[in-house]
Colleague: 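Encoded as structure tokens, here's the structure I'll be asking about.
Proteins come first, then strands; the chains are lettered A, B, ... in the order of their sequence lines, and each starts at number 1. Side chains are part of it too, since the values below use all heavy atoms of this structure and drop only hydrogens, waters and symmetry mates. The model shown is predicted, which means the values in this text are computed figures rather than measured ones.
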Number of protein chains: 2
Amino acid sequence: MEVCITSLLRDKGFKVTPQRLAIYNMLSSTRSHPNAEMIFNELQAMYPTMSLATVYKTMEILKEIGLVQVLNAGEDSFRYDAVMTNHPHVRCTECGQVEDVPDINIDAFVNEVSQGTKYQIMGQQFYFHGICPACQRKNSN
Amino acid sequence: MEVCITSLLRDKGFKVTPQRLAIYNMLSSTRSHPNAEMIFNELQAMYPTMSLATVYKTMEILKEIGLVQVLNAGEDSFRYDAVMTNHPHVRCTECGQVEDVPDINIDAFVNEVSQGTKYQIMGQQFYFHGICPACQRKNSN
DNA sequence: TTTTTTATAGAAAACGATTATCGAGTAGTT
DNA sequence: AACTACTCGATAATCGTTTTCTATAAAAAA
Ligand SMILES: [Mn+2]
Ligand SMILES: [Mn+2]
Ligand SMILES: [Zn+2]
Ligand SMILES: [Zn+2]
């Protein structure tokens with residue numbers, strides 16, 4: 001992993017910096033689909049001088065070299081995912097957390113759309129919204 | 001239609017104004033899924049004094065009374081649709097137009113997700129991106 | 001290792017879509 | 001016509017994101 005991002009950055013002419021490694025390591029070891037501010041806050045303790053702009057610029061690079069994807073979960077900010085398979089997400093409208101939709105294969109559905117349209121489909125994004133188990137419990141009290 | 005929006009506005013305590021009727025009429029008679037600025041530009045000729053803020057405030061009201069839905073097609077601005085069924089859209093990454101995905105029933109897919117997750121699903125949004133027929137032709141020249 | 005080159009980090013300002021504020025004007029009511 | 005409450009449009013504010021600029025760190029060359 002560490003090797004992977006290092007050589008990918010070098011191959012594309014980007015320099016390998018502690019900030020970039022830290023951001024990618026943080027993202028690839030969480031399932032929380034953080035946005036830029038969450039990443040910034042998380043790394044604040046370890047890298048007190050790092051700015052939010054650096055997070056944004058790093059995400060741009062990581063996206064370009066194919067290590068992260070940008071998620072649009074119907075919020076006002078983007079979230080990031082180091083899992084590169086195209087998979088749907090679900091967001092809790094009460095607590096705001098974004099999770100993967102488990103055990104879903106979207107290929108059949110994507111194929112059906114691809115064949116039903118004259119567009120040359122290059123990608124897609126699916127997101128659901130609802131209430132997570134924890135918030136459901138909280139509500140029923 | 002005209003009757004519909006008029007009584008819906010009145011019933012919810014909103015006043016019926018020329019601007020609101022014009023915005024809704026424009027939206028319900030196009031398939032282009034315009035964003036606020038497109039609506040504003042389109043109505044500029046007929047309503048030269050209308051401001052962009054009025055378009056936004058009107059969309060908020062129309063959404064609230066259930067006459068329009070807000071689309072997120074992976075752009076930096078929202079688009080609006082007077083068709084209230086929840087249907088997927090496809091955006092051309094070259095010319096930017098947003099169209100309906102034809103002849104697709106999403107119910108089976110939505111049901112599968114609903115049963116596979118512990119979330120209480122309240123809604124969803126699907127969008128595809130790719131290259132439209134016109135831009136494909138343009139490219140192959 | 002030292003020097004040279006080049007890209008980067010971070011502070012600050014800019015940006016752009018959307019929202020909030022406010023005073024004058026208008027719709028609907030009496 | 002007069003009254004009241006809502007709405008319009010100009011303007012400012014907001015906020016996530018992007019850009020600009022320059023000292024500095026990383027990579028390449030010597
Ligand atoms: Mn994910
Ligand atoms: Mn549509
Ligand atoms: Zn929740
Ligand atoms: Zn096109």
Colleague: Starting at atom NZ of A/Lys63, determine the distance to atom C1' of D/dT18, rounded to an integer number of angstrom.
Modeller: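 The answer, rounded to whole Å, is 12 Å.
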Colleague: If I take atom CD1 in residue A/Ile39 and atom C1' in nucleotide C/dA9, what distance separates them, rounded to the nearest angstrom?
Modeller: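 Nearest whole value for this atom pair: 17 Å.
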Colleague: Using whole Å, what does the distance between atom P of nucleotide C/dA17 and atom CG of B/Asn35 come to?
Modeller: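 So the CG-P distance, B/Asn35 to C/dA17, works out to 8 Å.
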Colleague: Counting only side-chain nitrogens and oxygens, does A/Tyr56 get under 4.0 Å of the OP1 or OP2 atom of D/dT17?
Modeller: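 Result: yes.
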Colleague: Looking only at the side chain of B/Ser51 (C-beta and beyond, no hydrogens), which of the listed nucleotides D/dT17, D/dA27, D/dA10 gets closest?
Modeller: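 Comparing D/dT17, D/dA27, D/dA10 against the side chain of B/Ser51, the answer is D/dA10.
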Colleague: For the atom pair CD (A/Gln124) and CZ (B/Arg91), what is the distance rounded to the nearest 0.5 Å?
Modeller: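 Answer rounded to 0.5 Å: 12.5 Å.
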Colleague: Name the closest nucleotide to the A/Lys15 side chain, picking from D/dA25, C/dT18, D/dT17.
Modeller: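 So the nucleotide nearest the side chain must be D/dA25.
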Colleague: Counting side-chain heavy atoms from CB outward, which of D/dA27, D/dC8, D/dC6 is closest to B/Gln19?
Modeller: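 Nearest nucleotide to the side chain: D/dC8.
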Colleague: Among B/Asn35, B/Val70, B/Val68, find the residue that satisfies the side chain to side chain contact (heavy atoms under 4.5 Å, CB included) test when tested with B/Met59.
Modeller: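 Running side chain to side chain contact (heavy atoms under 4.5 Å, CB included) over B/Asn35, B/Val70, B/Val68 with B/Met59 returns exactly one hit, B/Val68.
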Colleague: Whole angstrom is fine here: how far is it from CG in B/Leu9 over to C1' in C/dG28?
Modeller: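 Distance, rounded to whole Å: 14 Å.
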Colleague: Fit a plane to each ring of A/Phe128 and B/Phe109, take the angle between them on a 0 to 90° scale, and name the class: parallel (under 30°), tilted (30 to 60°) or perpendicular (over 60°).
Modeller: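 A/Phe128 and B/Phe109: tilted rings.
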Colleague: Hey, what do you get for CD1 (B/Ile61) to OH (B/Tyr56), rounding to the nearest 0.5 Å?
Modeller: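 B/Ile61 CD1 to B/Tyr56 OH: 15.5 Å, rounded to 0.5 Å.
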Colleague: Please work out if A/Thr54 contacts a base, only the sugar-phosphate, or nothing of the nucleic acid, heavy-atom cut-off 4.0 Å.
Modeller: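 Since a base atom lies under 4.0 Å of A/Thr54, the category is base.
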Colleague: How long is the line joining NZ of B/Lys57 and P of C/dC22, in whole Å?
Modeller: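 The answer, rounded to whole Å, is 13 Å.
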Colleague: Over all heavy atoms of both residues, which pair between A/Thr85 and A/Gln69 is shortest? Give the atoms and the distance, please.
Modeller: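 Smallest heavy-atom distance, with atoms named: O-NE2, 2.9 Å.
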Colleague: In whole angstrom, what separates A/Leu71's CG from D/dT17's P?
Modeller: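 The answer, rounded to whole Å, is 12 Å.
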Colleague: Let me spell it out: for each of B/Ala53 and A/Glu60, pick the nucleotide of DNA chain D with the closest heavy atom. Which residue's pick is nearer the 5' end?
Modeller: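 The answer here is B/Ala53.
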Colleague: Map B/Glu37 and A/Pro18 onto DNA chain C by nearest heavy atom, then report which one ends up closer to the 5' terminus.
Modeller: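 In this pair, the answer is A/Pro18.
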Colleague: Go through C/dT8, C/dG10, D/dC8 for me and flag the one nearest to the A/Arg20 side chain.
Modeller: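 Given the options C/dT8, C/dG10, D/dC8, the side chain of A/Arg20 is closest to C/dT8.
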Colleague: Starting from P on D/dC15, measure out to CZ on A/Phe78 and report it in whole angstrom.
Modeller: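 Result: 18 Å.
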Colleague: Which nucleotide wins on minimum distance to the side chain of B/Asp76, given the candidates C/dA17, C/dG10, D/dT7?
Modeller: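 Within the option list, the nearest is C/dA17.
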Colleague: Can you identify which nucleotide, out of C/dT6, D/dT17, D/dT20, has its nearest atom closest to the A/Ala36 side chain?
Modeller: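 Closest nucleotide to the A/Ala36 side chain: D/dT17.
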Colleague: Distance check needed: C/dT18 P versus B/Phe40 CZ, whole Å only.
Modeller: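 In whole Å, C/dT18 P lies 14 Å from B/Phe40 CZ.
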Colleague: Out of C/dG28, D/dA26, C/dT18, which nucleotide sits closest to the side chain of A/Thr17?
Modeller: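 The closest nucleotide is D/dA26.
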Colleague: Choose from C/dT8, D/dA27, D/dG9 the nucleotide whose nearest atom is closest to any side-chain atom of B/Thr49.
Modeller: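 The listed nucleotide nearest to B/Thr49's side chain is D/dG9.
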